[in-house]
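As structure tokens, the structure follows; a few thoughts come after it.
Just so we're clear, the structure is a prediction, and the values are computed from it rather than from any experiment. Just so it is clear: chains get the letters A, B, ... in the order the sequence lines come, proteins before strands, and each one is counted from 1.
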2 protein chains.
Amino acid sequence: MATADWALYTRRALERSGHRSSAPRAAVVDTLAELGCSVTAREIANRVEQRGRAVGLASVYRTLELLEQMGLVQRVDLGEGVARFEPAHGSGEHHHHLVCDSCGNVTAFEDADLERAIERLSGRVDFAIDAHDVTLRGECPACHATTSPS
Amino acid sequence: MATADWALYTRRALERSGHRSSAPRAAVVDTLAELGCSVTAREIANRVEQRGRAVGLASVYRTLELLEQMGLVQRVDLGEGVARFEPAHGSGEHHHHLVCDSCGNVTAFEDADLERAIERLSGRVDFAIDAHDVTLRGECPACHATTSPS
DNA sequence: CTGAGTGCAAACAGTTTGCATTACT
DNA sequence: AGTAATGCAAACTGTTTGCACTCAG
């Protein structure tokens, strides 16, 4: 399964580039793999602690920063004033996020049509585009049900 | 011209909804209209000060928050860790942003194709979408020239 | 044994809030 | 006169940094 692959690959990549394999760092990698899509640094620290081990928040941030520079982690900003992070799966996989305005719930989606539109657009603008974010906001099914009970 | 229209309309809207017309608030409105697209609270405060008058940063934030709630101002988060704001022009006008990774320069763009793709997509997901942000990142022409001098 | 990596606490930056003061209406 | 709105400074939040300590290589 992809999440275990990523954790493994990431640990290898760290080794390969001469980084020491420390317990805290491994815990962050494993936990990010476990939690998956768009998690905050604090969520990672909390989860690690739940599992008995413990990591300083600073180390979580330092690890995430390192991994981001290595292209193994993607930083995501959904406009909540908190940075979110997720495993970066190679070049292929590519998703964006739906955010529920009521409960803050975050879900991922992918859409080839959208990607195509953005790609075309990228060729048309005068910037040299190399990344893009799309965030859709609204109400998730659960909140929608309670808000407008038909 | 649109910027003056917006300032006028906004001041009217404030009056109409029973808000006092104070000098600081008017200054914020005028300055946001003048600066236009995606400015920070501090930029507004600075600009107001340059023009002789002065506003506390807190008042700038309070005004922007009020205007946002009234739908007259749009809050924009480009993932820099600073909130940006811009005049919200009615329902029609709709743009997104290009951010230069090197110099931080922000430019606006609109693209009907992209909007259409998002609209179609919105119908397909299980959230009730009512807003969306798109941010394209890359190198602006100026930075691109200095980075890769052909 | 050496220094990369850690944890803590202090420093920071942006934003929000409490409160006494100001100034529209 | 009454009270919405202001300005300042303190409080808060998320993130970064300095520094002494630890542990992997």
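Five base pairs at each end of the helix from C:dC1-D:dG25 to C:dT25-D:dA1 define two local axes, and these are offset by 20° (rounded to 10°).
As judged by a 4.0 angstrom heavy-atom cut-off over every strand, A:S21 is placed among residues touching the sugar-phosphate backbone only. Among the protein residues, B:R25 comes within range of the sugar-phosphate backbone only, with heavy atoms under 4.0 Å from sugar or phosphate atoms but none that close to a base. At a threshold of 4.0 angstrom between heavy atoms, the contacts of A:A41 with the nucleic acid are absent. Using a 4.0 Å heavy-atom cutoff across all strands shown, A:A54 reaches sugar-phosphate atoms only and no base atom. Counting non-hydrogen atoms under 4.0 angstrom, B:G18 reaches nothing in the nucleic acid.
Sequence order on DNA chain C of the closest nucleotides to A:S59 and B:T40 puts A:S59 first from the 5' end. Nearer to the 5' terminus of DNA chain D, by closest-nucleotide assignment, is the contact made by B:L57 (compared with the other of B:L57 and A:A58).
Side chains of B:H94 and B:H132: a donor on one and an acceptor on the other come within 3.5 Å. With hydrogens and angles left out, the side-chain atoms of B:E115 and B:H96 include a donor and acceptor closer than 3.5 Å. Between the side chains of A:Q74 and A:H95, not a single donor N or O lies within less than 3.5 Å of an accepting N or O.
Distances shown here put a side-chain N or O of B:R42 below 4.0 Å from the OP1 or OP2 atom of C:dG14. Residue A:H19 places at least one side-chain N or O closer than 4.0 Å to OP1 or OP2 of C:dG5. Note on A:S22: every side-chain N or O is 4.0 Å or more away from OP1 and OP2 of C:dG5.
In this structure, A:R75 and A:A83 approach most closely via the heavy-atom pair NH1-CB, 4.0 Å. For the pair A:D77 and B:G79, the tightest heavy-atom approach, listed with the atom from each and the gap, is OD2-CA, 3.2 Å.
When each of A:L32, A:V28, A:L66 is paired with A:V73, the side-chain contact (heavy atoms from CB on, under 4.5 Å) condition holds for A:L32 and for no other.
Of all nucleotides listed (D:dG14, C:dA4, D:dT6), D:dT6 comes nearest to the side chain of B:T63.
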